[in-house]
Amino acid sequence: MQSPPPRFKQFLLRSRTIGELLAPAAPFDKKCGRENWTVAFAPDGSYFAWSQGHRTVKLVPWSQCLQNFLLHGTKNVTNSSSLRLPRQNSDGGQKNKPREHIIDCGDIVWSLAFGSSVPEKQSRCVNIEWHRFRFGQDQLLLATGLNNGRIKIWDVYTGKLLLNLVDHTEVVRDLTFAPDGSLILVSASRDKTLRVWDLKDDGNMMKVLRGHQNWVYSCAFSPDSSMLCSVGASKAVFLWNMDKYTMIRKLEGHHHDVVACDFSPDGALLATASYDTRVYIWDPHDGDILMEFGHLFPPPTPIFAGGANDRWVRSVSFSHDGLHIASLADDKMVRFWRIDEDYPVQVAPLSNGLCCAFSTDGSVLAAGTHDGSVYFWATPRQVPSLQHLCRMSIRRVMPTQEVQELPVPSKLLEFLSYRI
Amino acid sequence: MDGKEKTYGGYEGPDAMYVKLVSSDDGHEFIVKREYALTSVVQVNFAENRTNEVSIREVPSHVLSKVRYTNSSTKIPKLPIAPETALELLVAANFLDCQIKYILIHC
């Protein structure tokens, strides 16, 4: 097995395991349909959702789940966990207390996304009007993308079905909500399109984004909701303007299908993962490749990168400190990288990993596997430098082109545009 | 704050427990434990002024709060920085960083 040069191995620390959620044992273990294609955390950190396979999605209150891990050790079989959750005397309405739900979606679940009417950045107060939903209450929704192209929208607090969106003709591979609380949902499908839905308007479909020549694997909103990145088969990485719904540019560089994408918390960086064994970090404002994280040494040449090589990268996720990313690859490893170093800072073993997501506070990484289970690790934490905090604060409001005009020394300009 | 100084030792003398950081813009004074004040600026001024007072041109509170948490194991709170002040703060932090490198090279 190819591995990095030996002198770097001593710096590879093993990540601390926090817990596991194992799928309930099913009678036909080897049958298809058990896969956990997606995991997601609610934007306010209250819930964790995972597709358990066999057409069900399980919603667990996240803080109770963490407590369970601490009290009962790291292994936690989900069948009995619902009985062990402590029941407190309810003194208020039940909707104020998070409860566990198992949702039967009726078809294999390929994608999950939480949507909240509360903007992730509490920058402005926006008066939001409601049509069908409860008035005056913060809405938390779970969207599930299914094998037959339907999208079902569920209420997280009650577990009830709210909407059924029918338009895609093939598997809905990824879903993402706009982070500004507007409940705009974008779905990416194997039918080569992305669709934009307005959930405040009863799920009205606003726009179809066409341009992919092949399956669309994943999509992600930039934190200011102005840009959408969609990635797909045939090396496609597209950036869309979400005010006018036009394509901004295509990012070229990968040698195989691109299967995952994620923006950094300040929107200045875009990470994409591909079957060509690489994770690229791009500047989404001008399309430059800033960093490359390889999972195979030496890196495969384009001919070899275009085929199967057991090192496909399945998922990539940006941490909330804007400094670390996590990647899942077929070589049975989860890697944590710093964006300014070439080799991973921590690794953890994981077989058949398919998807990963950081928790809302960034302290835990959840990864879902082929047999329907989820594993959790503590993310590497360190105090971010003051310069990095300043950089994130500036880049949240300023694209690269404006940064270049700032009256600061050129070394700082390079730092601000992540080119060091 | 004054009461603590009397009990645990003041900031006079070369081996004092506390040092005082003064912002020259508006005269803000910050008294911190010496072991926390690891910034280069403090070390430079020890050599130059033989006092435990340091004048810093920029707002030291952000730097100080960061230094406190570097040495402790308490949970790190988020540090909100408004974009308007972020640019000045970045230039200041970069300046302090360069000073560290200068000291390391020339000592």
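In this text, all values refer to a predicted model and were calculated from it rather than measured experimentally. Lettering of chains follows the sequences in order, A, B, ..., and the numbering in each one begins at 1.
Contact check for B:Leu90 versus A:Leu416: side-chain heavy atoms found under the 4.5 Å cut-off. Side-chain atoms of B:Leu89 and A:Leu389, non-hydrogen and from C-beta on, never get closer than 4.5 Å to each other.
Remark: A:Arg16 CZ is loosely packed, at most 12 non-hydrogen atoms of other residues, nucleotides or ligands lying under 6.0 Å away.
The distance from atom CG of B:Asn94 to atom CZ of A:Arg391, rounded to the nearest 0.5 Å, is 11.5 Å. Taken to the nearest 0.5 Å, the CD atom of A:Gln387 stands 8.5 Å off from the CG atom of B:Leu96.
Between the side chain of A:Ser393 and the backbone N or O of B:Ala86, no donor-acceptor pair lies under 3.5 Å.
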